[in-house]
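Written below as structure tokens is the structure these notes are about.
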Amino acid sequence: MPATSSSVGSGAAGAAIFADSDSRKFRYFDPRGKRATHYEDVTVDVQPDPERYLLQDWIISFPDGKGAYVKDATAARSSNWHAFRAPDQEWERTHYQRQSKIEAMIQGVIGNARKYGAPKNFDKAWIKVLQTHLGAWKHAEFGLGTSLMQAQRYGYTQMINNATLTNSSYKLRLAQDITLYLAEIGLDIDGWDDEAGKRAWLEDGIWQGTREAVESIMGSTDYLEQYFAINVVFEPLVGELFRSGFLMQVAAANGDFITPAVISAAEADYERNLANTVDLIYLLANDAEYGKDNTALFKGWLKKHAALADRAAQGLQPIWSQPHSKPVSFADVREKSHERLAQITGELGL
């Protein structure tokens, strides 16, 4: 008969033999598939929950009596917060590995381009677009990343927190990439103005709608509203509109083959973040107990943030007319962004 801690008189590690005591796998949760993935092993139930295995209630509580994590940090409800699994299955090690590869790629592109004098061949009007409008956009990315950094603290499970925090990390990395990229090419361009982007973000009317949309997200006290607003609404209507619909399509026509490479990683980031968000929101919208109420809540968030994002997108329209070469129209890009939003909300039943 296997020994137990009570029979051996000790609770020390290794003092007792029990089911799976010699295994490196865990069986205290139900995996999504037939077998638990490494992501599930290092993520599921890492964050404590008095309703699951934490018999002594919260180890640490706030002065008001609330535990370290509370379900009312969002207006959404779930009959099982622990059911969510991020489709990208990203955790600490895989996240650092991916970020490192992206940084190496970007620095390689910038370094090689500068070596052969590529920034000096940019169209003059395009240089002004980069220093002013790409310089302004980095502030939007930083604001969204900061919002998600704050939001991840309140997620009720480690799976939700991981997805939100990696999302934040991608945004902050992109803001840093843009900052360093503009600083480096600025060394090769006469008359470069490092402060133009900041001035545009704070003062230029083109960017004030975007500022309002970003700051409204940052000001939300509901962490899931922030996550929803960024990935379901702002990104397709404003983020992809500017990154894919403008920078990545217009740059090459104006002699710039560097910017699309720097920005391309952000589009891959968004696909991962969107997949995670859609899975979580779909799970909540179809919850057997709270699905109807959650759906009504999400429709309210959609209406609020879509109005802000629409105004932000419309405000950016003049940027499309500033480069000398204009291979794509704002109207066409805007139409695609609305189609993208319709596709996402259609998947969610919103």
Side-chain angles (χ1 to χ4, degrees), residues 125 128-148 150-151 167-168 171-172 174-175 178-179 182 195-222 225-250 259 263 266-267 270 273-274 277 298-323 326 328-342 344-345 350:
K128 292 183 178 180
V129 169
L130 289 180
Q131 69 180 9
T132 302
H133 300 301
L134 180 55
W137 181 253
K138 71 181 180 183
H139 296 284
E141 296 287 353
F142 180 79
L144 297 176
T146 302
S147 177
L148 289 165
Q150 181 268 343
N167 195 161
S168 170
K171 288 293 184 189
L172 296 176
L174 178 58
I178 294 172
T179 301
L182 294 179
E195 296 295 315
K198 180 180 179 180
R199 287 197 304 272
W201 179 251
L202 294 175
E203 303 169 8
D204 193 332
I206 287 174
W207 286 101
Q208 299 319 297
T210 304
R211 269 189 69 193
E212 182 183 10
V214 170
E215 290 172 7
S216 294
I217 293 171
M218 295 177 71
S220 172
T221 57
D222 188 310
E225 180 183 353
Q226 293 174 306
Y227 192 48
F228 177 98
I230 290 171
N231 291 316
V232 175
V233 185
F234 184 89
E235 281 287 83
L237 290 183
V238 186
E240 283 189 320
L241 177 89
F242 183 70
R243 293 190 307 262
S244 292
F246 179 70
L247 294 172
M248 294 188 68
Q249 295 197 53
V250 180
T259 301
I263 298 299
E267 303 311 270
Y270 177 49
N273 296 327
L274 178 61
T277 308
F298 299 153
K299 287 182 177 179
W301 291 348
L302 177 61
K303 182 178 180 180
K304 169 187 172 182
H305 291 284
L308 291 166
D310 263 330
R311 287 201 295 272
Q314 192 61 45
L316 298 179
Q317 183 176 7
I319 300 175
W320 268 252
S321 66
Q322 293 181 10
K326 307 172 181 63
V328 62
S329 73
F330 176 80
D332 289 343
V333 175
R334 185 82 183 280
E335 182 180 356
K336 290 181 180 179
S337 72
H338 282 147
E339 291 174 356
R340 173 74 146 161
L341 177 65
I344 295 168
T345 54
L350 303 178

Original post:
Between S168 (side chain) and G145 (backbone), is there a donor-acceptor pair under 3.5 Å?
Top reply: yes
**OP:** Using modelled atom types only, decide if a donor and an acceptor are shared between the side chain of Y270 and the backbone of N231 within a distance under 3.5 Å.
**Re:** yes
Original post:
Any chance the rings of W207 and F242 have centres within less than 6.0 Å?
Top reply: yes
Subject >> Close side-chain approach of Q314 and Q317, heavy atoms under 4.5 Å >> reply: yes
Original post:
Counting N and O atoms only, with roles assigned by atom type, does the side chain of S321 sit under 3.5 Å from a partner on the main chain of P318, one being a donor and the other an acceptor?
Top reply: yes
Original post:
Considering all heavy atoms of both residues, which atom of V233 and which atom of L341 are nearest to each other, and what is their separation?
Top reply: CA-CD1, 4.3 Å
**OP:** Please report the C-alpha distance between H338 and L237 in whole Å, then the side-chain angles of each, then the deciding distance to 0.1 Å, and finally whether the side chain to side chain contact (heavy atoms under 4.5 Å, CB included) criterion is met.
**Re:** CA-CA 7 Å; H338 282 147; L237 290 183; 3.5 Å; yes
Subject >> Q131 side chain near L182 side chain, heavy-atom distance below 4.5 Å >> reply: no
Subject >> Q208 (side chain) donor-acceptor with D204 (main chain) under 3.5 angstrom >> reply: yes
Subject >> Side-chain ion pair, E235 and R243, N-O less than 4.0 Å >> reply: yes
**OP:** Please report the closest heavy-atom contact between Q249 and S244, naming both atoms and the distance.
**Re:** CG-O, 3.1 Å
Original post:
Do S147 side-chain atoms and G143 backbone N/O form a donor-acceptor pair below 3.5 Å?
Top reply: no
Original post:
What's the verdict on side chain to side chain contact (heavy atoms under 4.5 Å, CB included) for H133 and I206, showing C-alpha distance, side-chain angles and the deciding distance?
Top reply: CA-CA 9 Å; H133 300 301; I206 287 174; 4.0 Å; yes
Original post:
Is E203 paired with R199 through a side-chain N to carboxylate O contact shorter than 4.0 Å?
Top reply: no
Subject >> Any donor-acceptor N/O pair, T345 side chain to A342 backbone, under 3.5 Å >> reply: yes
**OP:** Please examine the side chains of F234 and T210, heavy atoms only from C-beta on, and report whether any two atoms are closer than 4.5 Å.
**Re:** yes
Original post:
Within a strict 4.5 Å, meaning less than it, do heavy atoms of the W320 and K326 side chains meet?
Top reply: no
**OP:** Mind running side chain to side chain contact (heavy atoms under 4.5 Å, CB included) on T179 and F142 for me, showing each step along the way?
**Re:** CA-CA 11 Å; T179 301; F142 180 79; over 6 Å; no
**OP:** Identify the two heavy atoms, one from R334 and one from S337, that lie closest to each other, and give their separation to 0.1 Å.
**Re:** O-OG, 2.6 Å
Subject >> Candidate pair L202 and R211, rule side chain to side chain contact (heavy atoms under 4.5 Å, CB included), full reasoning >> reply: CA-CA 8 Å; L202 294 175; R211 269 189 69 193; 4.2 Å; yes
Original post:
Are side-chain heavy atoms of F246 and P323 found at a separation under 4.5 Å?
Top reply: yes
